[in-house]
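Heads up, the thing below is written out as structure tokens.
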Amino acid sequence: MTDCLKVSDRRSLNRALSILRAGGLVAIPTETVYGLAADAENGAAVAGIYEAKGRPSFNPLIAHCSDLAMAERYGVFNEAARALADKFWPGALTLVVPHRIGLSDILRAGLNTIALRVPRGPMASIVKALDRPLAAPSANLSGRVSATEAHHVMTQLAGKIDLLLDNGPTDIGLESTIVSCVGDKAVLLRSGGITLDQLEHHLGYRPQAAEPDAKITAPGMMTSHYAPKGKIRLNMTALTSEDGALNFGASNLKAKYSYNLSERGDLKEAASRLFSCLAQFDEKNVDTIAVAPIPIEGLGLAINDRLARAAVSRV
Ligand code: TXA
Ligand code: MG
């Protein structure tokens, strides 16, 4: 049985804390997407996350911390990592740094690096109250669309987790940007809520994207990811036989089920609506989805990245 409590419900914090302390699983909103959290120091609890999501065990998790001081207990921060943490934490940035000590091995999937993030939102309050990190991937079945609303979590994970905290739609709607600060130069592992321009501004150079076959394979670097059930076709300017259409700005693809990510052509609004639009197609059992062109700039980079991965057909 999965309980659902509104974050505004006074009982929600204590329920979440007692379940997490006992090694249970709680879906908790962050400012990016909903996370599926477990005590990062409890290996069995972290294993429960992989089980609930059906996640391949080689794909490591992010440890969510209350502040840089907590993060530095587990990871070694070089100058670039510290500069980025100072600027963007709390926020939509995950830093991959050399692992120092502590936290369950299964969280890192055996790597000698660790992904750390200081989030905003209810996840931040709960990590502070626990005074220890929470392991949390996005709260969706492995390979599926990330959850930006409580009912997306329920559709995918009901019965597999102990509690869901409902805080309405998340602010950003896309996962965090992931930057590796392991070598001399920062490397982009996943585009996300913090844009490349913002990173460049604070690093003094534009971080290169990791090679697709790099050993530090990350996130959505898995080819098929973020996928709705329907087949996606990108950059469509006209419809053929699709039964779903995803528009942006003035594009006007009309299908049986049509949505617009942002009628006013605002990439921030589009990012925040992307996963809920994809979830709508799932709810309607749409087989084929035509997606209009979306500018490849600012947050559009991350939006196009997610859509490209969602478009890769699964085996
Ligand atoms: O916004 C977010 O980042 C959300 C919220 C809940 O914080 N979390 C999230 O987690 O998107 P997840 O697990 O869906 O994606 C994190 C990605 C994983 O796919 C993993 O490949 C990568 O981070 N990752 C974790 N540890 C890593 C490491 N040591 N080296 C390289 N990549 C790592
Ligand atoms: Mg994910």
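As the structure lists them, so they are numbered: ligands from 1, and atoms in each ligand from 1. It should be emphasised that the depicted structure is a prediction, and the values quoted were computed from it without experimental measurement.
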* Asked: If you measure from the Lys or Arg side-chain nitrogens to the Asp or Glu carboxylate oxygens, is any gap between K256 and D243 under 4.0 Å?
  -> no
* **K160/E51 under salt bridge (charged side-chain N to carboxylate O under 4.0 Å, His left out): CA gap, chis, key distance, verdict** => CA-CA 9 Å; K160 298 181 171 172; E51 193 184 5; over 6 Å; no
* Within a distance under 4.0 Å of any heavy atom of L111, pick out the atoms of ligand 1 and give their elements. => 28 (C), 29 (N), 30 (N)
* To do: Output, in order, the C-alpha distance, side-chain angles, deciding distance and verdict of salt bridge (charged side-chain N to carboxylate O under 4.0 Å, His left out) for E263 and R273.
  => CA-CA 11 Å; E263 280 179 15; R273 286 172 41 80; over 6 Å; no
* Heavy-atom contacts with N59 under 4.0 Å: which atoms of ligand 1 show up? List them by number with element. => 18 (C), 19 (O), 20 (C), 21 (O)
* **Test item, H99 contacting ligand 1 (heavy atom, 4.0 angstrom)** => no
* Look only at interatomic distance and state if E175 has a nitrogen or oxygen under 3.5 Å from any nitrogen or oxygen of ligand 1. => no
* Structure fact -> When D86, V118, L95 are each screened for side-chain contact (heavy atoms from CB on, under 4.5 Å) with L68, the one that passes is D86
* **Proximal candidate to atom 31 (C) of ligand 1 [heavy atom criterion; set L93, V33, L189, T170]** => L189
* Salt bridge R132-D39, side-chain N to carboxylate O under 4.0 Å -> yes
* Structure fact -> Filtering P60, A135, A27 for the heavy atom nearest atom 25 (C) of ligand 1 leaves P60
* Asked: Quick check: does S138 have an N/O/S atom under 2.8 Å of the Mg ion (ligand 2)?
  -> yes
* To do: Please confirm whether K53 comes within less than 3.5 Å of ligand 1 when only nitrogen or oxygen atoms on both sides are compared.
  => no
* **Sidechain N-carboxylate O distance under 4.0 Å for R15, D9** => no
* Asked: Who gets closest to atom 6 (C) of ligand 1 by heavy atom: P119, A115, G35, G91?
  -> G35
* Any salt bridge between E72 and R100, counting N to O under 4.0 Å? -> no
* To do: Would you check the N or O atoms of T32, main chain and side chain alike, for any that come under 3.5 Å of an N or O of ligand 1?
  => yes
* Charged N to carboxylate O under 4.0 angstrom, D131 versus K128? -> no
* ligand 1 contact on T113 by region, counting heavy-atom pairs under 4.0 Å -> both
* Under 4.0 Å from a heavy atom of I62: give me the atoms of ligand 1 that qualify, with their elements. => 3 (O), 8 (N), 9 (C), 10 (O), 16 (C)
* Taking only heavy atoms of S138, which atoms of ligand 1 are found under 4.0 Å from at least one of them? -> 8 (N), 9 (C), 10 (O), 12 (P), 14 (O)
* To do: Compute the shortest N/O to N/O distance between H64 and ligand 1 and return yes if it is under 3.5 Å, no if not.
  => yes
* Inspect the contact between D287 and K231 and indicate whether a charged nitrogen and a carboxylate oxygen are less than 4.0 angstrom apart. => no
* Are any of the side-chain nitrogens in K268 or D266 under 4.0 Å away from the carboxylate oxygens of its partner? -> no
* **R117 to ligand 1, any heavy atom closer than 4.0 Å** => yes
